[in-house]
Amino acid sequence: MEEVMMWVITAFQNEETKIYEFKTEAEAKEALKSIKGYTILTEVISFYNRSVKLVAV
């Protein structure tokens, strides 16, 4: 099983919503300093099992 981790900042500025993706927490926290508006910092962890095969949709 493979783990994929990223950090996401969701920024709400006036009528706009922007989403920024980062590979490390340090990068995301540094970017937070320059993003204006209301912000949310989220850690996203996804797990992928490469042995599982899609057989039907």
Side-chain angles (χ1 to χ4, degrees):
M1 189 173 297
E2 181 180 339
E3 178 182 307
V4 178
M5 192 167 65
M6 69 176 161
W7 291 82
V8 175
I9 296 174
T10 306
F12 301 94
Q13 304 166 350
N14 301 323
E15 300 287 323
E16 292 184 345
T17 301
K18 295 182 180 180
I19 297 175
Y20 305 89
E21 295 181 9
F22 301 91
K23 290 188 178 195
T24 68
E25 180 180 10
E27 288 177 311
K29 285 186 174 181
E30 185 63 32
L32 268 176
K33 297 174 185 176
S34 63
I35 298 174
K36 296 181 181 178
Y38 179 72
T39 57
I40 301 171
L41 176 61
T42 308
E43 180 180 21
V44 179
I45 303 172
S46 299
F47 293 95
Y48 296 99
N49 188 342
R50 294 184 183 267
S51 65
V52 175
K53 305 291 184 209
L54 179 64
V55 292
V57 178

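Counting begins at 1 with the first residue of the sequence. Everything numeric in this text was worked out from a predicted model, so none of it was measured. Values below: all heavy atoms of this structure, side chains included; hydrogens, waters and symmetry mates excluded.
Side-chain heavy atoms closer than 4.5 Å link hydrophobic residues (I, L, V, M, F, W, Y) into clusters, and following such links, even through other members, never connects Leu41 to Ile19.
The backbone N or O of Lys36 lies less than 3.5 Å from a partner atom in the side chain of Gln13, making a donor-acceptor pair.
From Leu32, atom CG reaches atom CD of Glu27 across 12.0 Å, with rounding to the nearest 0.5 Å. Interatomic distance, CE of Met6 versus CD1 of Ile45, reported as 11.0 Å (0.5 Å rounding).
Shortest non-hydrogen contact noted between Ile9 and Ala28 is CD1-O, 3.3 Å. Taking all atoms of both residues into account, the shortest heavy-atom contact from Thr24 to Trp7 is C-CD1, 3.5 Å.
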